[in-house]
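The structure appears below as structure tokens.
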Amino acid sequence: MASREIEQMKEEYLALLSSGENKRRRSMWKDVARSGRDQFRPTPKNDGSWKDGCVPITADIQNPTWAKIIGFDIQEYYFNAEVYLENYLKIMIYRFKNFDDDTFLTADIPMWGTCALEGSLFGVGYYTFGDKDPWLDHTPVIRTMEDLKKAPQVDFFQSGIMPKLIETYERVRALAGEEFTVLFPEWIRSPFGIAVYIRGFEDLLVDMLVDEGFYHALMRYIVDARKDWFRGLEKYLGHAVLKANLYNDEVSCPTLSAELYRDKVFPYEQELCDFHGGLHYWHSCGDVGGLAPEIAKLSSLDLFNVGPWTSSLLAGRAFRGKTPLEICMNPQKDILEGTRESMTKRIEGILRDCREADASGIGMKISALNAYDSLDDALNNIKLWTKVAREATGYQPE
């Protein structure tokens, strides 16, 4: 049985879920993927309506800062079902009441397995903390072809962090009750990202150039492991899992050229796109403007992330008529150090680039933000950004 505190949070959350304001917020977007992922990442409409001022915005904060605002232990949040459910509801209620954006509530409770999930499946060590997100060990576990030949098969039920995630998920389901659907934490990292985890960044880049046989054998091992993991997820849940995510922070320019991405990364991503029946989301915080035309060749993609260092103009051109853009602010420069003037300039520049590119759909987002100094200043600047965004786009909620 859920605690009285959780029951109170559920009741308040459900009241906001059915409110007129939540319906207004929901109407700004096309959808939100029903998948276990790290943040609220809704899909903007792809019908050009943003050009008439209907630009949806959402403001998010990283969990270490939510822990300061709400008051909880990060390690407990991820791996204690009661702590997770109570504080996830508190976070979403706080956002709804305090940020004048378009973040809407759903009856889904998405869980995220932290950055430790995928690495742990392959034997990479990880560390947990009370005041910050888990870290993966930086020591590669695959150094030679012999290591790769002896690498264990990934088991959905037993590998790495999985037993702990399954236990936490089942407890959250029991606590959430019939009013909510709890979404199991999903494998979201890309094959290239996993290769960086288990091989090491520098060695992997060298492999791509001088030992292609080793590189492709490593990528085949990872892609096949991911397929097996999702088959295990479907067996566990008892239903098909449609579409998935590719979080690709390790893919960026100039680390990878367009040719390297096209020839040695893209084929594995397209293979997974086919396997999953499409992709919800492609993400990289790095500069992928020069890679965007190649990424846009993915046969089915619902949402493309435009990180702080990626050109909205280049992304808009590449995905015009195909995929809407999630355009993220630079959390330090644009928000924590931002002023009304600099925020206005930044947003107007994005809108100008997207008009020039004739982008089909856009949404704007504060993402990856942590308050390292003054928490009050950070919150005030988030609220200022939402006001400036409304003014710059010309949309005012009724």
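Computed from a predicted structure; not experimentally measured. In this chain, numbering begins with 1 at the start of the sequence shown.
- Each ring pair (Phe, Tyr, Trp, His ring centres under 6.0 Å) pair with one or both residues in residues 291-346, not counting sequence neighbours, appears once here: Trp282-Phe304, Phe304-Phe319.
- Judged purely by atom type and a 3.5 angstrom limit, Thr58 has no side-chain atom pairing as donor or acceptor with the backbone of Thr103.
- With respect to the salt-bridge test (charged N to carboxylate O, under 4.0 angstrom), the residues Lys10 and Glu7 qualify.
- Under a 4.0 Å N-O distance rule, the pair Asp60/Arg95 qualifies as a salt bridge.
- At a threshold of 4.0 Å, the pair Lys164-Glu167 does not count as salt-bridged, since none of the basic side-chain nitrogens sits closer than that to a carboxylate oxygen.
- For Lys243, the NZ atom counts as densely surrounded, since its 6.0 Å shell holds more than 12 non-hydrogen atoms of other residues, nucleotides or ligands.
- For residues 43-66, every residue pair satisfying the ring pair (Phe, Tyr, Trp, His ring centres under 6.0 Å) rule, not counting sequence neighbours, is listed here: Trp66-Tyr94.
- Of the possible donor and acceptor atoms, one in the side chain of Asn381 sits under 3.5 Å from a partner among the backbone N and O of Ile335.
- Every residue was checked against the side chain to side chain donor-acceptor pair (under 3.5 Å) condition with Lys45, not counting sequence neighbours, and none meets it.
- Every residue two or more places apart in sequence or in another chain was checked for a salt bridge (Lys or Arg N to Asp or Glu O under 4.0 Å) with Arg143, and none qualifies.
- Between the side chain of Glu348 and the backbone N or O of Ala392 there is no donor-acceptor pair closer than 3.5 Å.
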Requested in this report: Take Asp376 and Ser374 through the test side-chain hydrogen bond (donor to acceptor under 3.5 Å, both in side chains) and record every step on the way to the result.
Outcome: CA-CA 5 Å; Asp376 288 341; Ser374 169; 5.4 Å; no
Query raised in the report: So Asp249 and His283, side chain to side chain contact (heavy atoms under 4.5 Å, CB included) or not? Walk me through it.
Result: CA-CA 7 Å; Asp249 291 312; His283 174 98; 3.2 Å; yes
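- Among residues two or more places apart in sequence or in another chain, the side-chain contact (heavy atoms from CB on, under 4.5 Å) test is passed with Gln158 by Asp155, Pro163.
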Query - Step-by-step side chain to side chain contact (heavy atoms under 4.5 Å, CB included) determination, Leu336 to Asp377 - result: CA-CA 8 Å; Leu336 296 180; Asp377 287 350; over 6 Å; no
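- The cluster map of Ile, Leu, Val, Met, Phe, Trp and Tyr, joined by side-chain heavy atoms under 4.5 Å apart, puts Ile194 and Trp135 in different clusters.
- Residues Leu242 and Phe156 do not share a hydrophobic cluster, defined by chaining ILVMFWY side chains whose heavy atoms lie under 4.5 Å apart.
- Applying the salt bridge (Lys or Arg N to Asp or Glu O under 4.0 Å) test to Asp101 and every residue at least two apart in sequence or in another chain returns Arg25.
- As a member of the Ile/Leu/Val/Met/Phe/Trp/Tyr network built from side-chain separations under 4.5 Å, Phe40 groups with Met28, Trp29, Val32, Phe104, Tyr395.
- In this structure a side-chain-to-backbone donor-acceptor pair under 3.5 Å is present from Glu234 to Val241.
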Can you give the donor-acceptor pairs under 3.5 Å from side chains of residues 121-130 to other protein atoms, not counting sequence neighbours?
{"from": "Tyr127", "atom 1": "OH", "to": "Asp137", "atom 2": "OD2", "distance (Å)": "2.5"}
{"from": "Thr128", "atom 1": "OG1", "to": "Gln75", "atom 2": "OE1", "distance (Å)": "2.3"}

Requested in this report: Could you please spell out the steps behind the ring-ring contact (aromatic ring centres under 6.0 Å, His included) verdict for Phe275 and Phe230?
Outcome: CA-CA 10 Å; Phe275 173 78; Phe230 271 91; 7.1 Å; no
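- For Arg171 (side chain) and Asn80 (main-chain N/O), no donor-acceptor pair under 3.5 Å exists by modelled atom type.
- By the salt bridge (Lys or Arg N to Asp or Glu O under 4.0 Å) test, Arg340 is found to be paired with Glu391, residues two or more places apart in sequence or in another chain being considered.
- Under a 4.5 Å side-chain heavy-atom cut-off, the cluster of Ile, Leu, Val, Met, Phe, Trp and Tyr residues that includes Leu183 has no other member.
- No side-chain donor-acceptor contact under 3.5 Å links Asp31 and Thr43.
- Ring geometry for Tyr236 against Phe157 counts as perpendicular: the plane angle is over 60°, on a 0 to 90° scale with 30° as the lower cut.
- What you find for Pro110 and Gly36 is that their closest heavy atoms are CB-CA, 4.5 Å.
- Inter-residue side-chain proximity for Arg37 and His280 is flagged as unmet; no heavy-atom pair is nearer than 4.5 Å.
- Environment of NZ in Lys322: crowded, with over 12 heavy atoms of neighbouring residues, nucleotides or ligands closer than 6.0 Å.
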Return a table of donor-acceptor pairs under 3.5 angstrom between the side chains of residues 201-210 and protein atoms on other chains or two or more places apart.
{"from": "Asp207", "atom 1": "OD1", "to": "Arg199", "atom 2": "NH2", "distance (Å)": "3.2"}
{"from": "Asp207", "atom 1": "OD2", "to": "Arg199", "atom 2": "NE", "distance (Å)": "2.6"}
{"from": "Asp207", "atom 1": "OD2", "to": "Arg199", "atom 2": "NH2", "distance (Å)": "3.4"}

Can you give me every donor-acceptor pair (side chain of residues 221-228, partner residue at least two apart or in another chain, under 3.5 Å) with its distance?
{"from": "Tyr221", "atom 1": "OH", "to": "Pro152", "atom 2": "O", "distance (Å)": "2.7"}
{"from": "Asp224", "atom 1": "OD1", "to": "Arg220", "atom 2": "NH1", "distance (Å)": "2.9"}
{"from": "Arg226", "atom 1": "NE", "to": "His276", "atom 2": "NE2", "distance (Å)": "3.2"}
{"from": "Arg226", "atom 1": "NH1", "to": "Arg189", "atom 2": "O", "distance (Å)": "3.0"}
{"from": "Arg226", "atom 1": "NH2", "to": "Asn245", "atom 2": "O", "distance (Å)": "3.1"}
{"from": "Arg226", "atom 1": "NH2", "to": "His276", "atom 2": "NE2", "distance (Å)": "3.3"}
{"from": "Lys227", "atom 1": "NZ", "to": "Glu271", "atom 2": "OE2", "distance (Å)": "2.6"}
{"from": "Asp228", "atom 1": "OD1", "to": "Arg231", "atom 2": "NH1", "distance (Å)": "2.8"}

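- In summary, Lys150 and Glu146 do not engage in a salt bridge, as defined by a charged side-chain N under 4.0 Å from a carboxylate O.
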Requested in this report: Test ring-ring contact (aromatic ring centres under 6.0 Å, His included) on Tyr247 and Tyr281 and set out the steps.
Outcome: CA-CA 8 Å; Tyr247 282 63; Tyr281 181 55; 5.3 Å; yes
